[in-house]
Amino acid sequence: IPVDPFDLIIFGGTGDLARRKILPALYRRFWAGQMPPEARIIGAARAAHDDAEYRAMIRAAIGEFVAPEKQEPATVDAFLERVRYLTLDARGDDGWDALCGMMRNGVVQAFYFSVGPGLFGDLAERLHRHGIADAESRIVVEKPFGHDLQSARALNATLAQHFDEHQIYRIDHYLGKETVQNLMAVRFGNMLFEPLWNARNVDHIQITVAETVGVGGRGDYYDRSGAMRDMVQNHMMQLLCLIAMEPPYAFESDAVRDEKLKVIRALDPVAPGDIVRGQYGGDSGGPGYLEDVENPDSLTESFIALKVHISNWRWKGTPFYLRTGKRMRARTSEIAIVFKDPPHSIFGVQERQKANVLVIRLQPNEGINLRVTIKEPGPGGMRLVEVPLDMSFKEALGPEAEDIPDAYERLIMDVIRGNQTLFMRGDEVEAAWAWTDPIIADWEERGDRPRLYEAGSSGPEDALMLMHKDGRRWREVK
Ligand code: BG6
């Protein structure tokens, strides 16, 4: 179904994110017929380019980041006709009158701030001063939304001078991932899981986001952030919220975000002994973290594992183990809900059945898998065996699931539709920093040194201990 006609202005329109994610996502939506013919995309940046040069850049980006079967030349040409370029100085006056002259009435207006947070204030202020944005315009801002609570508050305050909260779309692209939304469908669209979804029945929850890539190329940003700021404060926190939150009264933006906020506020501080930080070393002569970031003294973590508790009625006593890292053995993201053992085995001690585990795989091969115990087939008596009830979306849904839209496709279309459900509200981001800040402050104060782990492994040994000491184990990274 096509969305309403829109003008999308991308500040930072020649940048890496625009090239890799935003423009290919828009093209794919165009290819799928979701962009109405009147839609326009205006890339804006400081460099002097004309429309033709900008279109050539986007053509190359589509060539690189869109599947070949979606690149029919006529479709690419038709998409590029909707694209304009504008030379504009976020901190000066150049280009703003021209932008004003390009705006149309009667279409949705969205401004994508695909620039460093240092420019958010300048852009917001000029959009108003030049009479370009109005009370219905939307702005889209990217992570990192601040570096700590204080800077996040300052950013929120700056944006609030010119825009109302209902106009601000803070992106966390994990919320746009198909399986993350499916998590809500599984929880609240079935009777089967929700009655068991609590500390009485769940032994623990594991959330793993393992990556094989290192930080090469983004060393400067990453070394000032580390895994805690880069992944835990936002993506992992959002996953945790969706698993742990109470049922919202409706799948609507504030209903969902209110429930997420309550989870973040109920998080306990984390004891230093419940955190393991790591840094990858080099493998077979390749660069390790310290070489990648060109900082031999860096104490920044490229891996973190931590045990988190939520103090509320539903979750008191059930730990959430989170782990994420770069240069790990495999690229895999999953959430595992590990249920408690049955209270008593009627089959004798030998046949103690293993706990049920519900695994929600975010990537790759999105799907849901439930481990259950059954009788081993054959005449050998009552021997038990575990089997997976495996539902790969691709297998279960066929061609429809072959073409799962990228997170950015979904999220940008939601901006045009005016749906904020999958975007972070200002208070949520602040609450997440309020929880993160003391943890980081503690290890900065102590000069905490991350443990070395081998590139291509599943993280430092101590991370295994974090669970072993509780009599539990991580699922394999594979
Ligand atoms: C980004 C982080 O937000 O998410 C990156 O800054 C990380 O460091 C990326 O690699 C992971 O996203 P995805 O979609 O590849 O899991």
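FYI, the numbering just counts along the sequence from 1. Counting convention: from 1, in listed order, for ligands and their atoms alike. None of these values were measured; they are calculated from a predicted model.
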* To do: Consider ligand 1: state whether an atom of it lies below 4.0 angstrom from any non-hydrogen atom of Tyr174.
  => yes

* Asked: If you count the atoms of ligand 1 from 1 in the order shown, which ones are under 4.0 Å from a heavy atom of Lys326?
  -> 5 (C), 7 (C), 8 (O), 10 (O)

* Structure fact -> One finds that the ligand 1 atoms under 4.0 Å from a non-hydrogen atom of Asp230 are 2 (C), 5 (C), 6 (O), 8 (O)

* Asked: Any side-chain donor paired with an acceptor under 3.5 Å for Tyr85 and Arg55?
  -> no

* Could you tell me which atoms of ligand 1, counted from 1 in the order shown, lie closer than 4.0 angstrom to a heavy atom of Lys143? => 1 (C), 2 (C), 3 (O), 6 (O)

List the atom pairs, with distances to 0.1 Å, where a side-chain N or O of residues 64-71 and a protein N or O form a donor-acceptor pair under 3.5 Å, not counting sequence neighbours.
residue, atom, partner, partner atom, Å
Lys70, NZ, Asp403, OD1, 2.9
Lys70, NZ, Asp403, OD2, 3.3
Gln71, NE2, Ile62, O, 3.1
Gln71, NE2, Gly63, O, 3.4
Gln71, NE2, Val66, O, 2.7

* Between Arg170 and Asn156: side-chain donor-acceptor atoms closer than 3.5 Å -> yes

* Looking only at distances, please establish whether an N/O atom of ligand 1 is found under 3.5 Å from an N/O atom of Arg218. => yes

* **Heavy atoms from other residues, nucleotides or ligands near CD of Gln150 exceed 12 (cutoff 6.0 Å)** => no

* **Nearest neighbour of atom 12 (O) of ligand 1 from the list Gln363, Arg229, His173, on a heavy-atom basis** => His173

* Looking at atom 11 (C) of ligand 1, what's its closest protein heavy atom, distance included? -> Glu211 OE2, 3.6 Å

* To do: List the closest protein heavy-atom neighbour of atom 14 (O) of ligand 1: residue, atom name, distance to the nearest 0.1 Å.
  => Lys177 NZ, 2.6 Å

* Structure fact -> The atoms of ligand 1 lying under 4.0 Å from a heavy atom of His235, numbered in the order shown, are 1 (C), 3 (O), 4 (O)

* To do: Pick one of side chain, backbone, both or neither for how Arg331 approaches ligand 1, counting any non-hydrogen atom pair under 4.0 Å.
  => side chain

* To do: Calculate, to the nearest 0.5 Å, the distance between atoms CD1 and CD1 belonging to Ile22 and Ile171 respectively.
  => 7.0 Å

* To do: Report yes or no: do Thr212 and Arg331 form a side-chain donor-acceptor pair below 3.5 Å?
  => no

* Asked: Does the distance from a Lys or Arg side-chain N to an Asp or Glu carboxylate O, for Glu246 and Lys262, drop under 4.0 Å?
  -> no

